[in-house]
Amino acid sequence: MATTTRTIEVELSTTGLDAQGRPQRVPLATDEAGNLVPMTPAPALEPELEGEHMLINIGPQHPATHGVLRLVLELDGETVVRCVPHIGYLHCGFEKIGEYRQYNQIIPWTDREDYLNSPGNNVAFALGAERLFGIEITERCTVLRVIAMELSRLISHCVWLGTFCIDIGAFTPFLWIFQQRERVYTMLESWIGARLTTTLTRVGGMGADIPDGWTEDLANFIRTFPAVLDECNTMLTKNAIWVGRTVGLGAMSADEAINYGLSGPMLRASGVAYDVRKDFPYLDYETYDFDVPVGQTGDVYDRFLVRMEEMRQSIRILDQALKRLPDGPVNVDDHRVILPPKSKATSDMESMIHHFKQVMEGPRPPIGEAYVAVESPKGEKGYYMVSDGTSKPVRWRIRPPSFVNLSAIPKMVEGHLLSDVIAINASIDIVMGEIDR
Amino acid sequence: MSDTFLPVVAGHAEDGRVAPPSTPRNVPYQNGAPNPSAEALRAQFADAVQRVDVVWGETTVFVDRARVLEIVRWLHDDPTQQYDYLSDVTAVEYRDLDRPIEVVWHLRSLPHRRFLRLKTLLPKGQPLAVPSVWDVYKGADWLERECYDMFGIRFEGHPDLRRLLMWEQYKEGYPLRKDFPLRGRFSRSEQLRQILAQNPEAKYSMEELTVLEAFDELSLEQRNRLRSGEKVGE
């Protein structure tokens, strides 16, 4: 695999690189000549603990755990010896509830699992249900869904970048990037009426077509958003503090990352170019021109770079999708799943029957099963649905990417400092709503 | 703005993998082309492969429960298969309560760009146990724990099989089983009473307790259970 050589030019004040090529992380002082020198270390005053280990509990109510994750850490001094994560504090039984709901009624639940990526989840679920029904969606719907997925990737990465910065101690990029996130939410609001829990799709189509003038809003966003990314790039990418806090942390080799089932930016940062959009395409992603960024070492810094680059690639995809957005119907002409116009229900016998059947019984897919995976901002998000021919699924399974990514955290934090645990955890980009479901 | 250090690699084709596919269209309901790995499995494990289904373009291979680990290891290691990525481990129970529970593994081969679903049947009335694939895929750890937590299926060989999403003292059973009522087994007031009555700080595994020395602070019942060698979460 061809990769470019990576040199990080550290421009801010540091005394140089240490033996491993990492910027030295020492407090600085100024000597008589005005040069920066490492401060003379103070004599160790720590009492001799004779190797006694300490147990530290982080969470579930801790802002740096991004929700209700609980980590029990065994520390030797400041170094993590062992990490035992506990999850389940947000468990709501989504999969159980889904077995008692019709397919369209499940879509609101998909908003609420990975709530930073609601439009993407809606699209993913609709794709799965359509596979189960054997429905081919319309051209316009396909492109609209690509727009929804990429916008949702952007807002999710925006939250990730903002909270990641705050966890490491940089507050300003959080404000910059959340302003941009707000713009996307405003666009979503004018599209579907909701901001966070969008319920954007229906089986066989969308909840609504985009309103007039929406494409100009999107074009404006595509034009102006990269400048904010550039600002964050200037602020962070070569910042000595940032580099010092992220390089070399939580590294996973490519083989390990695959074996641990990591996906998304976590896997790609380790150098594995697995992207569902490229490898198992859906929504005609193979016809879009975009690159898959991969890292080399799989550390926190690489994950940061990969996600930053993914945002730029998302903008590229959005630009292409906007240019090819065709006219035409959004919903399929299939009255098994899409209601005929309401006006016809009172004048046309068949339309009335379709209304009655769909509302009272719900659409029934044939007996079968489907596993549909999409590339969510966190990784491979899969919906596995099993139908026994009734209007409600026998089993609705969410394959949550951040659940599997998080399961590797004991491996990643071992041997690192306590403060690095926060950075590593932030780099996984977890959403507890998705992990606990 | 210099982006020279951004780790961008374009495209996929150059690293020796098969050419990328395109979005599937007009997928047939049944009788689609099966995944070539199904045929290879038949050739390799003739007596262990029970059935091969192709529904909506996805191949499902039903295998013998006792040989799951062997089959998965072969799929992982064989150079013509290379199923190096475990997407998901889950189970399906049908509304017809006489139907066996199915344990489902979703495997991916990243080099060959293939997707395969393995299934094994667990008839009702027999112990719900399958071999763990943790030995082959470390990612199976939490997936199997969740499956155990939700369905009560034991994954034999899993290093740390205890409840994951539900808490250790959870007594109501396995939530995703069809005989489990949607609102829980006990009344709302009883559920609330049980939650308030428990000590959330006691949710440590035996492993952690050796460090914490909090063993003495547990209730007598919990101490007895842990002393008797019972694993946490059962």
Side-chain angles (χ1 to χ4, degrees), chain A residues 1-4 6-8 53 55 72 74 84 86-88 91 93 95-96 100 131-132 134 136 230 233 258-261 273-274 278-286 291-296 302 305-306 309 366 368-371 373 380 382 384 386 388 394-395 397 399 403-404 407 436, chain B residues 1 3-12 14-15 20-27 29 55-56 58 60 84-88 90-96 104 106 108 110 113 115 117 137-143 146 150 163-167 175-176 180 182 203-205 207-208 211-212:
Chain A
M1 184 180 306
T3 44
T4 51
R6 194 176 86 198
T7 29
I8 305 160
H53 288 185
L55 203 67
V72 179
E74 186 187 338
V84 185
H86 292 274
I87 60 170
H91 178 62
E95 295 174 2
K96 182 82 174 174
Y100 294 79
R131 172 87 59 87
L132 209 52
E136 294 285 326
D230 287 344
N233 199 13
I258 293 177
N259 201 254
Y260 274 85
Y274 169 55
K278 291 271 190 197
D279 288 78
F280 299 92
Y282 51 94
L283 292 176
D284 300 337
Y285 262 112
E286 74 275 12
D291 296 333
V292 176
V294 294
Q296 292 167 22
D302 268 356
L305 293 179
V306 165
E309 184 58 28
E369 57 197 323
Y371 176 86
E380 176 189 334
Y384 176 51
V386 185
D388 62 351
V394 170
R395 177 92 171 98
R397 158 79 182 161
R399 191 268 181 192
F403 175 89
V404 187
S407 73
D436 293 344
Chain B
M1 185 55 49
D3 285 342
T4 49
F5 53 88
L6 284 180
V8 181
V9 173
H12 274 53
E14 79 279 13
D15 52 2
S22 52
T23 303
R25 289 189 188 285
N26 299 317
V27 184
Y29 175 34
V55 177
W56 296 124
E58 294 168 5
T60 310
D84 47 1
Y85 191 84
L86 176 72
S87 274
D88 202 6
T90 186
V92 182
E93 187 179 17
Y94 288 88
R95 294 199 175 99
D96 173 5
V104 187
H106 288 131
R108 280 193 197 285
L110 301 189
R113 291 201 170 91
F115 173 76
R117 179 182 297 133
Y137 304 103
K138 294 289 174 282
D141 183 356
W142 279 18
L143 293 167
E146 188 196 351
M150 293 289 134
R163 283 197 180 270
L164 181 65
L165 294 176
M166 310 310 279
W167 54 99
L176 279 180
F180 188 97
L182 182 61
K203 197 186 164 188
Y204 289 92
S205 70
E207 221 185 5
E208 293 161 283
V211 188
L212 183 68

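Here is how names work: the chains are called A, B, and so on, in the same order as the sequence lines, proteins then strands, and each is numbered from 1. Just so it is clear, the values below take in all heavy atoms, side chains as well, and ignore hydrogens, waters and symmetry mates.
Of the atoms belonging to L132(A), heavy atoms from both backbone and side chain fall under 4.5 Å from chain B. Using a 4.5 Å cut-off between heavy atoms, A140(B) does not touch chain A at all. Heavy atoms closer than 4.5 Å to chain A are found in the backbone of L86(B), but not in its side chain. The parts of R131(A) that come within reach of chain B are both its backbone and its side chain, each placing non-hydrogen atoms under 4.5 angstrom from that chain. Interface residue E146(B): only side-chain heavy atoms are found under 4.5 Å from chain A. The parts of D84(B) that come within reach of chain A are both its backbone and its side chain, each placing non-hydrogen atoms under 4.5 angstrom from that chain. At a 4.5 Å heavy-atom cutoff, the contact between Y384(A) and chain B is made by side-chain atoms alone. Looking at E136(A), only its side chain comes within 4.5 Å of chain B, counting heavy atoms on both sides. Using a 4.5 Å cut-off between heavy atoms, N26(B) touches chain A through backbone and side chain atoms alike. Both the backbone and the side chain of Y371(A) have a heavy atom closer than 4.5 Å to some heavy atom of chain B.
A donor-acceptor contact shorter than 3.5 Å links the side chain of K96(A) to the backbone of F180(B). The main-chain N or O of V394(A) is never found under 3.5 Å from a side-chain atom of D388(A) such that the two would form a donor-acceptor pair.
Tested against R397(A) for a side chain to side chain contact (heavy atoms under 4.5 Å, CB included), the candidates V92(B), D88(B), V104(B) yield a single pass: D88(B).
The aromatic rings of W56(B) and Y29(B) sit tilted relative to each other, their planes meeting at an angle between 30° and 60°.
Figure legend: R108(B) and F280(A) shown as a cation-pi pair, the cationic atom lying under 6.0 angstrom from the six-membered ring centre and within 45 degrees of its axis.
Most heavy-atom pairs under 4.5 Å with chain A: of the set L176(B), V55(B), D141(B), this distinction falls to L176(B). When F403(A), Y282(A), Y285(A) are compared by the number of non-hydrogen pairs under 4.5 Å with chain B, F403(A) comes out ahead. Ranked by non-hydrogen atom pairs under 4.5 Å with chain B, the options G134(A), G368(A), G382(A) are led by G134(A). For the set Y85(B), Y94(B), Y137(B), the entry with the most heavy-atom pairs within less than 4.5 Å of chain A is Y85(B).
Rounding to the nearest 0.5 Å places OG of S87(B) at 3.5 Å from CD of E380(A).
Between R395(A) and E369(A) there is no salt bridge, since no side-chain N of the basic residue sits under 4.0 Å from a carboxylate O of the acidic one.
Across all non-hydrogen atoms, the minimal contact from D302(A) to Q296(A) is OD2-N, 2.9 Å.
Under the rule for a side-chain contact (heavy atoms from CB on, under 4.5 Å), the partners of D284(A) that lie at least two apart in sequence or sit in another chain are T142(A), E286(A), T287(A), T23(B), R25(B).
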